[in-house]
J.: 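Below is a structure I'd like to ask you about.
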Amino acid sequence: MEKIWLKSYPPGMPTEVDTTQYRSLVQLLEESFHKFADRNAYVCMDKFLTYAEVDAHSKRLGAWLQSRAMKQGARVGIMLPNVLQYPIAIAAILRAGYTVVNVNPLYTPRELEHQLNDSGCEAIIILENFATTLEQVLPRTQIKHIVVGSIGEMLGGPKGMLVNFVVRNVKRLVPPFSLPNAVRFKDALSQGGGMKLTPVEVQRDDPAFLQYTGGTTGVAKGAVLTHNNVIANLLQSEAWANPALGAMSEQVVIVAALPLYHIFALTACAMWGTRIGALNILIPNPRDIGGFIKELAKYRFHMLPAVNTLYNALLNHADFVHLDFSALKICNGGGMAVQQSVNDRWRKVTGISIVEGYGLSETSPVATCNRADIATFTGTIGLPMPSTDIAILDDDGNEVPIGQPGEIAIRGPQVMAGYWNRPDETAKVMTADGFFKSGDVGVMDENGYTRIVDRKKDMIL
């Protein structure tokens, strides 16, 4: 295979990334907690958390989880929107030697029951707003330990109490629930403060996340993302963003409006933000476009990853044009195709083109991306990331000539270890030489840019 895309790389872009610099994501997280201790890591509803605070809180929660006597590698669910408890929970679960199972808070009881049972989750960290869903399925799951958080608890003082009062009693967003053995998030933190987090020897190939996806069949399967998979995608993303971010003297500020339970925001906002010492602005409810814009007005932000529908919704709100876009460097579009018309309007308002990329839960997620330094919209999914090969295959698994349509197949260190407990499903999507077959039909041009033209298998949900 000739890597024709390398000639289209920006000058100085490495063709490979070295993932051996980290033993695990735990090492990467702890390095950043130490290196950026005094910096703000997250802000939500005006409450900031420093890297040192995320470090301390996650140590306590990790120690509390270990005190539940779960074996190394046990699966722990997180069923939260973008609130301050989320990054604490991710770090705590990984540091305690467990595997994170990201759960969509909007799941129906049936969907939640399937995911908890399929993953074998033994514990879950959930927001009280969704606790009634858990209550309905709990007896039919293996969940033994429940940590329940509230929107206001991490905001502190009178503000936190007021927020909780409004959420519970005015907006009535917390349906009644009964989970007798559940522990409150703040209580788990304080109990964990009297315990010691036991360091766990985690290997590169150990599962870090079970990322559930409909894939090509509609039945949610857990893509097993190892520590090495995610590390690779963070290093790939960092190299790819450098031409646009350059040698910035100020702290990078990322808008985390996409849900962190989705692989796009998990990698592009939370995990990569930690790697580079960025500040993530957590937006719990991006559907409230007016409220979202009010939050954006408070900050100079450099990165705004989003999907086409969110970019469009922002553009259609009268207040959006009044924001300060002078610091904006990168707007990544993923999750669905970015429309040319949306990009053109976005560029007119913000001065920045949307950089479209492509990936899947199975690829941690980024497989290809347009150059971060481009000023024009290409209508393609861009070029393969460093250390990544893209092949366009026919039905027999052979490469098709340049310019011919075929199934997009991806090989690289960010490709999942397989589907959780589904060797049959894994065998269907992995080739003998290590390519993951995406189910998307694409055409690659002579410069290495790929355009998606179709979906191979229609998904029946």
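Keep in mind the model is a prediction, meaning the values are calculated, not measured. Values reported hereafter were calculated over all heavy atoms of this structure, with side chains retained and with hydrogens, waters and symmetry mates removed.
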J.: Keeping the roles fixed (side chain from Y42, backbone from I88), state whether a donor-acceptor pair exists under 3.5 Å.
T.: no

J.: Determine, step by step, whether C369 and V355 satisfy the side-chain contact (heavy atoms from CB on, under 4.5 Å) criterion, reporting the C-alpha distance in whole Å, the side-chain angles of both residues, the deciding distance to 0.1 Å, and the verdict.
T.: CA-CA 7 Å; C369 195; V355 176; 3.7 Å; yes

J.: Of all the heavy-atom pairs spanning M13 and A239, show the shortest one and how long it is.
T.: CE-O, 3.1 Å

J.: Which pair of heavy atoms, one from I410 and one from S438, lies closest together, and at what distance?
T.: CD1-CB, 4.4 Å

J.: Would you say N229 and S364 are linked by a side-chain donor-acceptor pair, where the criterion is simply a distance under 3.5 Å?
T.: no

J.: Which residues pass the side chain to side chain donor-acceptor pair (under 3.5 Å) test with Q85, not counting sequence neighbours?
T.: E153

J.: Under the ring pair (Phe, Tyr, Trp, His ring centres under 6.0 Å) rule, collect the residues that match up with Y51, sequence neighbours excluded.
T.: F36

J.: With a cut-off of 6.0 Å (strictly less than), are more than 12 heavy atoms of other residues, nucleotides or ligands near NZ of K298?
T.: yes

J.: Test of understanding: with side chain to side chain donor-acceptor pair (under 3.5 Å), list the residues that count as partners of N104, not counting sequence neighbours.
T.: Y261

J.: Just to verify, what does R23 make a side chain to side chain contact (heavy atoms under 4.5 Å, CB included) with, not counting sequence neighbours?
T.: Q27, E201

J.: Could I get the full list of side chain to side chain contact (heavy atoms under 4.5 Å, CB included) partners for S326, not counting sequence neighbours?
T.: R300, D324

J.: Would you call D319 and K294 a salt bridge, using N to O less than 4.0 angstrom?
T.: no

J.: Holding to ring pair (Phe, Tyr, Trp, His ring centres under 6.0 Å), I want the full list of residues that pass it with F320, two or more places apart in sequence or in another chain.
T.: F325, W346

J.: Quick test of your reading: applying salt bridge (charged side-chain N to carboxylate O under 4.0 Å, His left out), list the pairs with at least one residue in residues 227-239, sequence neighbours left out, ordered by first then second residue.
T.: E238-R275

J.: Does atom NE2 of H34 have more than 12 heavy-atom neighbours from other groups under 6.0 Å away?
T.: no

J.: Please, which pairs that meet salt bridge (charged side-chain N to carboxylate O under 4.0 Å, His left out) have at least one residue in residues 278-288, sequence neighbours excluded?
T.: none

J.: Evaluate the criterion salt bridge (charged side-chain N to carboxylate O under 4.0 Å, His left out) for residue pair E16 and K3; output intermediate values, then yes/no.
T.: CA-CA 12 Å; E16 304 285 332; K3 301 189 180 195; 3.8 Å; yes

J.: Are T378 and N370 close enough that a side-chain donor and a side-chain acceptor fall under 3.5 Å?
T.: yes

J.: Verify whether one side chain among E362 and Y419 offers a donor that lies under 3.5 Å from an acceptor in the other.
T.: yes

J.: Which residues pass the salt bridge (charged side-chain N to carboxylate O under 4.0 Å, His left out) test with R347, not counting sequence neighbours?
T.: none

J.: Taking atom types as modelled, find out whether S58 and R95 have a side-chain donor-acceptor pair closer than 3.5 angstrom.
T.: yes

J.: Just to verify, what does Q66 make a side chain to side chain contact (heavy atoms under 4.5 Å, CB included) with, not counting sequence neighbours?
T.: A96, Y98, L197, T198, V200

J.: Please confirm whether the backbone N or O of S353 pairs with a side-chain atom of N343, one donor and one acceptor, at under 3.5 Å?
T.: no

J.: The criterion is side chain to side chain donor-acceptor pair (under 3.5 Å); which residues satisfy it with S237, sequence neighbours excluded?
T.: none

J.: Regarding N233 and Q236, is there a side-chain donor-to-acceptor distance under 3.5 Å anywhere?
T.: yes

J.: Would you call K428 and E425 a salt bridge, using N to O less than 4.0 angstrom?
T.: yes

J.: Please round to the nearest 0.5 Å and tell me the distance separating atom OG1 of T99 and atom CE of M70.
T.: 10.5 Å

J.: Would you say D395 has more than 12 foreign heavy atoms packed within less than 6.0 Å of its CG?
T.: no

J.: Y86: which residues meet the side chain to side chain donor-acceptor pair (under 3.5 Å) condition with it, sequence neighbours left out?
T.: N102

J.: Does the ring centre of W420 sit less than 6.0 Å away from the ring centre of F209?
T.: no

J.: Indicate yes or no: at least one non-hydrogen side-chain atom of L360 is less than 4.5 angstrom from one of M416.
T.: no

J.: side-chain hydrogen bond (donor to acceptor under 3.5 Å, both in side chains) between T388 and Q414: does it pass, once the steps are laid out?
T.: CA-CA 8 Å; T388 307; Q414 74 272 47; 3.0 Å; yes

